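To start, the structure under review is shown below, and the notes come after it.
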Amino acid sequence: MNRRMTWAGIAALGMTAAVACTTDDAASPASSPGTAVSSTPAPSSVPPSSVPPSTPAPSAAPDPVSLQALAAKKFTGGPLRIGRVLARNPAYTRYFVTYPSGSLTISGILNVPSTPGPHPALVLNHGHIDLSIYTNGRGLMREQDYLARRGYVVLHTDYRNHAQSSKDPSSEVNLRLGYTEDAINAVLALRTSEYVDPARIGMLGRSMGGGVTYNVLVAQPGLVKAAVVFAPVSSDTVDNFNRWTRSDTATAAAITRAHGTPAANPTFWRNVSPVNFFAQAKDPVLIHHGTADSTCPIAWSTKTLAALKKAGAKASMYTYPGEEHAFGPAWPTSMARTVAFLKQNGL
């Protein structure tokens, strides 16, 4: 598919992003070949001056819970507010931070290297952690430290409903697409920071955060220079719904009352699945996945990689024999590869 195709054109084909998940992370038809298309208007008995101007039919507004809606939305961003110092070491300082995401305030942590800036920066999208135990900056702790020690400003977002972030009671019913808004606004907030080179911002997501990252890549292409995902969820939201949400009967019932089941309303489910919009993705993406992952099957990433390449996206993948969802012995190798990939892409 032509990557320059408009979202409206893609929607007409019924195309969509994986959001629900879990993790252990604390146009018109083309002319036939040879067919000439005439540009000469047919004769008219009505004088040209009396022909009323044609009015194009209004296009239907996208479902507010869809990737098309996120693509059409005007994100204004806002300032990154630096709060108290949480920790300090010779390599970097760790701050409590907040930033706006629409009408909400999102909390997070910011690691700022001690070396002179401005620095390249990364937004980190964590995986699912139960809200009852989640605390500020929890998740991706190894990555936060590793990347800051290699010269990156690291913004780890808490997402809405997490830690000190504002509450969004409709988040689950709306398949957590609000997390994608929070990640987009995190990039915009970083652009306001004196510590950051605004032209060098990337994104890293793990498990559910990998799905958030896929959403960002298709909804706001060009927002980041490159993205990395670890053990990501499926890029088809139906896979994630079937694996985790169906068994949560109360949440599943609320979602299907609002949007229908995948069988009853396939258009909705296509339009919240990033796999159907990979032709929009312009930013290089690297996938890491272990062959023994029992949480997010590696087959999901294999299919995602094939779909990205078919759509013309710049995608690559490393597989890790025997590695489970959280990564163990191969984690240092995966991180070295991550930094090499980021540097190759200007970060």
Side-chain angles (χ1 to χ4, degrees), residues 1 3 10 14-25 67 125-128 140 143 175 180 202-219 221 226-246 262 266 269-331 333-338 340-342 344-345:
M1 180 180 293
R3 68 190 294 110
I10 295 174
M15 300 184 60
T16 39
V19 177
C21 86
T22 187
T23 177
D24 294 329
D25 180 11
L67 290 170
N125 300 322
H126 67 80
H128 172 79
L140 291 165
E143 291 80 1
L175 302 178
T180 301
M203 188 168 283
L204 185 150
R206 191 179 192 294
S207 194
M208 177 187 71
V212 172
T213 303
Y214 288 152
N215 290 346
V216 173
L217 295 180
V218 301
V228 180
V229 293
F230 282 79
V233 295
S234 177
S235 55
D236 184 341
T237 300
V238 176
D239 288 338
N240 303 315
F241 178 80
N242 288 337
R243 188 167 181 85
W244 293 294
T245 313
R246 278 191 186 276
W269 292 89
R270 284 195 297 269
N271 290 340
V272 291
S273 297
V275 67
N276 298 311
F277 299 108
F278 280 157
Q280 297 298 116
K282 298 178 181 179
D283 315 301
V285 57
L286 173 63
I287 304 170
H288 297 291
H289 215 128
T291 61
D293 194 327
S294 59
T295 301
C296 294
I298 193 172
W300 286 352
S301 284
T302 301
K303 292 178 180 178
T304 292
L305 178 67
L308 282 162
K309 288 187 170 181
K310 183 177 180 181
K314 299 175 182 177
S316 55
M317 177 175 172
Y318 286 111
T319 60
Y320 299 86
E323 282 289 347
E324 245 287 1
H325 190 60
F327 277 62
W331 183 80
T333 299
S334 71
M335 291 305 296
R337 288 170 169 172
T338 292
F341 169 81
L342 294 172
Q344 288 166 6
N345 287 282

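Only heavy atoms go into these numbers, but all of them, side chains included; no hydrogens, no water, no symmetry mates. Residue numbers count from 1 along this sequence. What you see is a predicted model; the values in this text were computed from it and never measured.
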Closer than 3.5 angstrom, by distance alone: can the side chain of T304 be matched with the main-chain N or O of S301 as a donor-acceptor pair?
no
Using every non-hydrogen atom in the two residues, find where V228 and F341 come nearest and quote the distance to one decimal.
CG2-CD2, 3.6 Å
Shortest non-hydrogen contact between T291 and G322, atoms and distance:
OG1-N, 2.8 Å
Which heavy-atom pair separates S334 from W331 by the least distance, and what is that distance?
OG-O, 2.7 Å
Do the side chains of V233 and Y214 get nearer than 4.5 Å, heavy atoms only?
no
Would you say the side-chain atoms of S207 and H128 include a donor-acceptor pair closer than 3.5 Å?
no
Is the closest side-chain heavy-atom distance between L140 and L204 below 4.5 Å?
yes
Within-4.5 Å side-chain heavy-atom neighbours: N215 and F277:
no
Would you check if P284 and Q344 make a side-chain contact, meaning some heavy-atom pair closer than 4.5 Å?
no
Hey, does the side chain of E323 reach the backbone of G328 with a donor-acceptor pair shorter than 3.5 angstrom?
yes
Looking only at heavy atoms, the pair that brings F278 and A307 closest together is CD1-CB, 3.8 Å
Could you tell me whether a side-chain N or O of H289 sits under 3.5 Å from a main-chain N or O of T302, the two making a donor and an acceptor?
no
Angle between ring planes, F230 versus H288, binned at 30° and 60°: parallel, tilted or perpendicular?
tilted
So V275 and W300, do their side chains get closer than 4.5 Å, heavy atoms only?
no
Ignoring hydrogens, what is the shortest heavy-atom contact between G210 and V229? Give both atom names and the distance.
CA-CG1, 3.7 Å
Do the side chains of R206 and C296 get nearer than 4.5 Å, heavy atoms only?
no
Minimum-distance pair of heavy atoms, taken over all atoms of T295 and D293:
N-OD1, 2.8 Å
T319 side chain to G290 main-chain N or O, any donor-acceptor pair under 3.5 Å?
no
